[in-house]
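Structure first, then comments.
Just so you know, these numbers use all the heavy atoms, side chains as well, and skip hydrogens, waters and symmetry mates.
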Amino acid sequence: MSSDEPGTPPDPPRDEVIAERRAKLDRWRARGVDPYPVGVEVTDALADVRAAWDDKLEPEEASGQDVAVAGRMVLRRGHGKLVFVVLREGDAELQLMCQPQTLGQGGMAILDELDLGDWVAATGEVVRTRRGELSVHARSLTLIGKSLRPMPDKWHGLRDVETRYRQRWVDLTVNADARRVLRVRAATIRALRAELEERGYLEVETPLLHPVPGGALARPFVTHHNALGVDLYLRIAKELYLKRLVAGGLPRVYEIGRVFRNEGLSTRHNPEFTMLESYEAHADYHDVMDLTQALIQRAAREAAGGTDLIYDERPVDLGGDWPRRRLLDLVRAATGRADVAYDADLDELRALCATHGVRTEEGWGPGKLVLELYEKLVEGELWDPTFVIDYPVEVSPLARRHRSDPHTTERFEIIVTGRELGNAFSELTDPDEQRARFEEQARAKAAGDADAMSVDADYLAAMEFGMPPMGGLGIGVDRLVMLLAGVTSIRDVILFPTLRP
RNA sequence: GGGCCGUUAGCUCAACAGGUAGAGCUCCGGACUUUUAAUCCGGCGGAGCGGGUUCGAGUCCUGCACGGCCUACCA
């Protein structure tokens, strides 16, 4: 790529193949044929022809049925005066059988001027060949979209990962798995939405541009509004707006949409990713665990065909009721130290962290230290779905304090294959406590914690207006799709992942 | 950000103690009327960028760019 303008497409390869195709393009035009016509009548999708005839017709039998089809020419096998052409659209492929007897010399000449990759329309009778391949016995051929760039290797396809993401149109053309993942993603989102709708949740859309970034501990992207002359932030979560809606009397709301976090990229992190968030009045985190399990199990059934999966070559069982384990208990078990507690001596906790190679910082309280131990020792080991519950207050500024333990909140994360898929809690609804928690965050921010929250006065006003008790949930949709599609890179489930421009 | 690995033809991949780069697919020319990555014959086409060592560098050293994986932060 020699262009330095961001956003410009890759330069056409200065290749002889391109030149040949351009020459063909010129010849088409010289003959008065528009290589990019407005379109021809296509009455039959390739998939429909296959569905109608796949289990019918004996070899060499003709159907008597004429069709008009179209697709990208991905293979051509010539046998002198008999030529087989394979058209593909999406996952459907159909062969054309081309002979001078039916296509005429003119049609054969058209065939001669086509390249692999060209979009082609054809009419003809549905037949089955001597070797048993369902085909259209072509009577006419029309070029409907000239391809000027060569197709990737017809057997190996496109392997280069970066090119697959950058040129998704090529990837989707030649890699069936790219198309499969796309379908799993669509089915996953459809299932989540269906389950929430059936439970009476209202789908809403809240702003992407936030004057105060909030709802999660993360660094935001900053942008600028010219007319208002103010900086705005791309949302890092939807939480605070959705809770405003519950305060407004909408008892069950959800939103599926993009959030943005200004953090590093990895196989598990894309700067923009899709999150489902839902809020339900009068629910607590136990109810939300039930909901989470139902959502993910339904998505697994409808997008992955069941709850018994293989991920990264290991079986995962999403079925049944998932265990609910207290975070503190998990840390105690992992360290073999029953005396780990949120009111334990800070120096002892630091020493324990050091023993396990956990890096610590000044100013971290016991809650943060225990969380770090959990993340280092436990989280990655939880393979089958596990609800990890009761997170320390210190690291949960929006969650309600536990009804029977002042050190923790009624919060859980759902962990599958060692990764966090979702995060939820009995929501904090007390405005005074929320203000105190925000101020605590603001102090951390002032002390240099870039992920810490700011005081959101507008949100506090909504809380002061009064909100019902509620349970909230956030699910990382991309990660759920990764699990259900069995892929280990988030870039495989995002069509156009963020790449260096 | 750190570590490791990588970048050879449009695509997928080779080779060699440092000796002037090879195959398949695509494309072009030719043969072939039932193929399934059709087959057969012929042809075009190439070392990420910059330094250095050397008679000679794709190969060794070095800087840069880009990418992959792991790690760190997070969903």
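Ionic pairing of Lys376(A) and Glu372(A) is not present here: no N-O contact between side-chain nitrogen and carboxylate oxygen is shorter than 4.0 angstrom. Salt-bridge check for Glu440(A) with Arg437(A): failed, with every basic side-chain N at 4.0 Å or more from each acidic carboxylate O. Using a 4.0 Å cut-off between charged side-chain N and carboxylate O, Arg180(A) and Asp91(A) make no salt bridge.
Taking atom C1' in both rC44(B) and rG67(B), one finds a spacing of 30 Å when rounded to whole Å. To the nearest whole angstrom, the two C1' atoms, one in rU54(B) and one in rU59(B), are 13 Å apart. A distance of about 15 Å separates the C1' atoms of rA9(B) and rC28(B), rounded to the whole Å. Distance noted for atom P between rG51(B) and rU12(B): 29 Å (whole Å). With P as the reference atom, rA65(B) and rU26(B) are 39 Å apart, rounded to whole Å. Taking the P atom of each, rC13(B) and rU8(B) are spaced 10 Å apart, rounded to whole Å. Comparing the C1' positions of rA37(B) and rA23(B) gives an interatomic distance of 16 Å, to the nearest angstrom. Across rC32(B) and rA47(B), the matching P atoms stand 38 Å from one another, rounded to whole Å.
Across every strand in view, rC13(B) sits in a pair with rG22(B) that passes the Watson-Crick or G-U test at under 3.5 angstrom. Base pairing of rC44(B): no nucleotide in any strand meets the Watson-Crick or G-U wobble criterion (both distances under 3.5 Å). Base pairing of rC4(B) is made with rG68(B), judged by Watson-Crick or G-U wobble geometry with both donor-acceptor distances under 3.5 Å. Across all strands shown, rG63(B) pairs with rC49(B); the Watson-Crick or G-U wobble distances both stay below 3.5 Å. Remark: rA38(B) base-pairs with no nucleotide in the shown strands. Criterion, Watson-Crick or G-U wobble with two distances under 3.5 Å. Nucleotide rG56(B) forms no Watson-Crick or G-U wobble pair with any nucleotide shown, as no partner meets the under 3.5 Å limit on both distances.
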For this session: Would you sort out whether Glu277(A) and Tyr279(A) count as a side chain to side chain donor-acceptor pair (under 3.5 Å), showing the intermediate values?
Result: CA-CA 7 Å; Glu277(A) 288 191 51; Tyr279(A) 293 84; 2.7 Å; yes

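Taking every heavy atom of residues 151-160 of chain A and every atom of RNA chain B, pairs under 4.0 Å involve Pro152(A), Asp153(A), Lys154(A), Trp155(A), His156(A), Gly157(A), Leu158(A), Arg159(A), Asp160(A), by number. Contacts of residues 368-393 of chain A with RNA chain B (heavy atom under 4.0 Å): Glu375(A). Within residues 482-497 of chain A, the residues that have a heavy atom under 4.0 Å from RNA chain B are, in order of number, Ile490(A), Arg491(A).
Under 3.5 Å, the side chains of Arg491(A) and Asn270(A) contain no donor-acceptor pair of N or O atoms.
Spacing between atom CZ of Arg359(A) and atom C1' of rG1(B) amounts to 12 Å, rounded to whole angstrom units. Atom-to-atom, CZ of Arg219(A) to P of rA75(B) comes out at 15 Å; the value is rounded to the nearest Å. Protein atom CG of Asp54(A) is 19 Å distant from nucleotide atom P of rU36(B), rounded to whole Å. In this structure, the CG atom of Leu265(A) is 15 Å from the C1' atom of rC69(B), given to the nearest Å. Taking atom CZ of Phe260(A) as the reference point, atom P of rA75(B) lies 17 Å away to the nearest angstrom. Note: CG (Leu75(A)) to C1' (rU39(B)) measures 15 Å, nearest angstrom. Rounded to an integer number of Å, the gap from CD of Gln95(A) to P of rA38(B) is 10 Å. Taking atom CD of Glu162(A) as the reference point, atom P of rC11(B) lies 12 Å away to the nearest angstrom.
For Asp290(A), the salt bridge (charged side-chain N to carboxylate O under 4.0 Å, His left out) partners are Arg324(A), not counting sequence neighbours. Judged as a side-chain hydrogen bond (donor to acceptor under 3.5 Å, both in side chains), and not counting sequence neighbours, the contacts of Ser266(A) are His269(A). Scanning for ring-ring contact (aromatic ring centres under 6.0 Å, His included) contacts around Phe84(A) gives His79(A), with sequence neighbours left out. Partners of Glu61(A) under the salt bridge (charged side-chain N to carboxylate O under 4.0 Å, His left out) rule, at least two apart in sequence or in another chain, do not exist in this structure. Under the side-chain hydrogen bond (donor to acceptor under 3.5 Å, both in side chains) criterion, Arg268(A) pairs with no residue at all, not counting sequence neighbours. Residues meeting the salt bridge (charged side-chain N to carboxylate O under 4.0 Å, His left out) test with Glu93(A), sequence neighbours left out: Arg88(A).
Counting any heavy atom pair closer than 4.0 Å across all strands shown, Asp451(A) reaches sugar-phosphate atoms only and no base atom. Among the heavy atoms of the strands, none lies under 4.0 Å from Asn262(A).
In this structure, Glu255(A) contributes its side chain and Thr206(A) its backbone to a donor-acceptor pair below 3.5 Å. Judged purely by atom type and a 3.5 angstrom limit, Asp115(A) has no side-chain atom pairing as donor or acceptor with the backbone of Pro150(A). Side chain of Ser489(A) to backbone of Val487(A): no donor-acceptor contact under 3.5 angstrom is found.
Considering only heavy atoms from C-beta on, Glu113(A) comes within 4.5 Å of Lys24(A) through its side chain.
Dashed line: the shortest gap from a side-chain N or O of Thr267(A) to OP1 or OP2 of rC69(B) is not under 4.0 Å.
Counting heavy-atom neighbours within 6.0 Å of Arg350(A) CZ, excluding the residue itself, gives a total above 12.
Here Phe84(A) does not lie in a stacked arrangement on the base of rA38(B), lacking the combination of planes under 30° and ring centres under 5.5 Å apart.
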Produce the list of close N/O pairs, under 3.5 Å, pairing protein atoms with atoms of nucleotides 2-6 of chain B; give distances to one decimal.
none

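Using a 30° and 60° split on the angle between ring planes, Phe387(A) and Trp322(A) fall in the tilted class, from 30° to 60°. Using bins of under 30°, 30° to 60° and over 60° for the plane-to-plane angle, the ring pair Tyr254(A)/Tyr201(A) lands in the perpendicular bin.
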For residues 96-108 of chain A, please give each side-chain donor-acceptor pair under 3.5 Å, one per line with the distance, not counting sequence neighbours.
residue	atom	partner	partner atom	Å
Gln99(A)	OE1	His137(A)	NE2	2.7
Thr102(A)	OG1	Gln99(A)	O	3.3
Thr102(A)	OG1	His137(A)	NE2	3.4
Thr102(A)	OG1	Ala138(A)	O	3.4

Exercise. When you check every protein heavy atom under 4.0 Å of nucleotides 27-33 of chain B, what one-letter string (B, S, -) results, 5' to 3'?
Worked result: SS---BB

